[in-house]
> 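Take this structure first; my questions come after.
Just so it is clear, the structure is predicted and the values come from calculations on it, not from any experiment.
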Amino acid sequence: MSNATHIALTVACEPHLARIVRMTAANVATLSSMSVERVEDIRMAAEEAFIYACDTAPGEDLVIDFDADADHVAMVFQLSAPAFAEPSEDDPTAAYVDLILGSVCDVYEKHEAPARLALDMKADVDGI
């Protein structure tokens, strides 16, 4: 596959919908040259980012843009909220998400106004 494929998913920030996000991310990952382990990493990253969005803006619509080609998969999680939740002693979710996404993704960026997570994961298998 030489051309990039773009997929957009709009889903309500409701934790019970995480499976839809996980499965979509896994299916998008198969458009790239990724091992089974890397596809699992993408599933985990997508779920963590989604749950973080659910904590930040429960019930709001979340737009997830996926871009995939043979070399990588990019995911952008976009909310209309001004910023993502920050870690606190009562709820360390944000710190946990930062740790997981920072270690699994090749690129992990958190933006504000509006809240947006940008993730990029490189393929780990030569060609399809």
> What are the two closest heavy atoms between F84 and H111, and how far apart are they?
CD1-O, 4.2 Å
> Distance check, rounded to the nearest 0.5 Å: F66 atom CZ versus S32 atom OG?
13.5 Å
> Which heavy-atom pair separates E60 from S80 by the least distance, and what is that distance?
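Here E60 and S80 meet closest at OE1-OG, 2.7 Å.
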> When you group the ILVMFWY residues by side-chain heavy-atom contacts below 4.5 Å and let the links chain together, are L17 and F77 in the same group?
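Same cluster.
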> Are Y96 and L119 in one and the same hydrophobic cluster, where Ile, Leu, Val, Met, Phe, Trp and Tyr link if side-chain heavy atoms are under 4.5 Å apart?
yes
> What's the shortest heavy-atom distance between A25 and A46, and which atoms?
CB-CB, 3.5 Å
> Kindly indicate, with the supporting measurements, whether the criterion side chain to side chain contact (heavy atoms under 4.5 Å, CB included) is fulfilled by T24 and I64.
CA-CA 10 Å; T24 302; I64 307 167; over 6 Å; no
> Find the distance between CG (L62) and CZ (R116) and round it off to the nearest 0.5 Å.
13.0 Å
> Please find the pair of heavy atoms, one from A83 and one from T56, that lie closest to each other, and give the distance.
O-CG2, 3.3 Å
> State yes or no: do V39 and L9 share one hydrophobic cluster built from I, L, V, M, F, W and Y residues joined by side-chain heavy-atom distances below 4.5 Å, directly or via other members?
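They do share one cluster, since a chain of ILVMFWY contacts under 4.5 Å joins V39 to L9.
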> Decide yes or no for V11 and F50: does some side-chain heavy atom of the first lie under 4.5 Å from some side-chain heavy atom of the second?
yes
> Mind checking whether L117 and M44 sit in one hydrophobic cluster, side chains of I, L, V, M, F, W, Y counted as touching below 4.5 Å?
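Yes: a chain of side-chain contacts under 4.5 Å links L117 to M44.
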> Are any side-chain N or O atoms of R38 and backbone N or O atoms of S33, one a donor and one an acceptor, separated by less than 3.5 Å?
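No; zero donor-acceptor contacts below 3.5 Å.
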> Given 3.5 Å as the limit, does a donor-acceptor pair link the side chain of D124 with the main chain of S35, or not?
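Yes; at least one donor-acceptor contact below 3.5 Å.
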> With side chains defined as the heavy atoms from C-beta onward, is the minimum distance between D98 and Y108 less than 4.5 Å?
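A side-chain contact under 4.5 Å exists here.
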> Looking only at the side chains, is there a donor atom on one of T10 and D61 sitting less than 3.5 Å from an acceptor on the other?
no
> Please report the shortest heavy-atom distance between A68 and V28, naming the atom on each side.
CB-CG1, 3.8 Å
> Quick one, I51 with E47, criterion side chain to side chain contact (heavy atoms under 4.5 Å, CB included). Give me CA distance, side-chain angles, the key distance, then yes/no.
CA-CA 6 Å; I51 295 302; E47 181 174 18; 4.2 Å; yes
> Nearest 0.5 Å, what's the CE-CD1 distance between M34 and I42?
3.5 Å
> Looking at A123 and A70, what are the two nearest heavy atoms and their distance?
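Here A123 and A70 meet closest at CB-O, 3.4 Å.
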> Got a second to check how far E14's CD is from I20's CD1, nearest 0.5 Å?
11.0 Å
> If you round to the nearest 0.5 Å, how far is CG of D120 from NE2 of H72?
4.5 Å
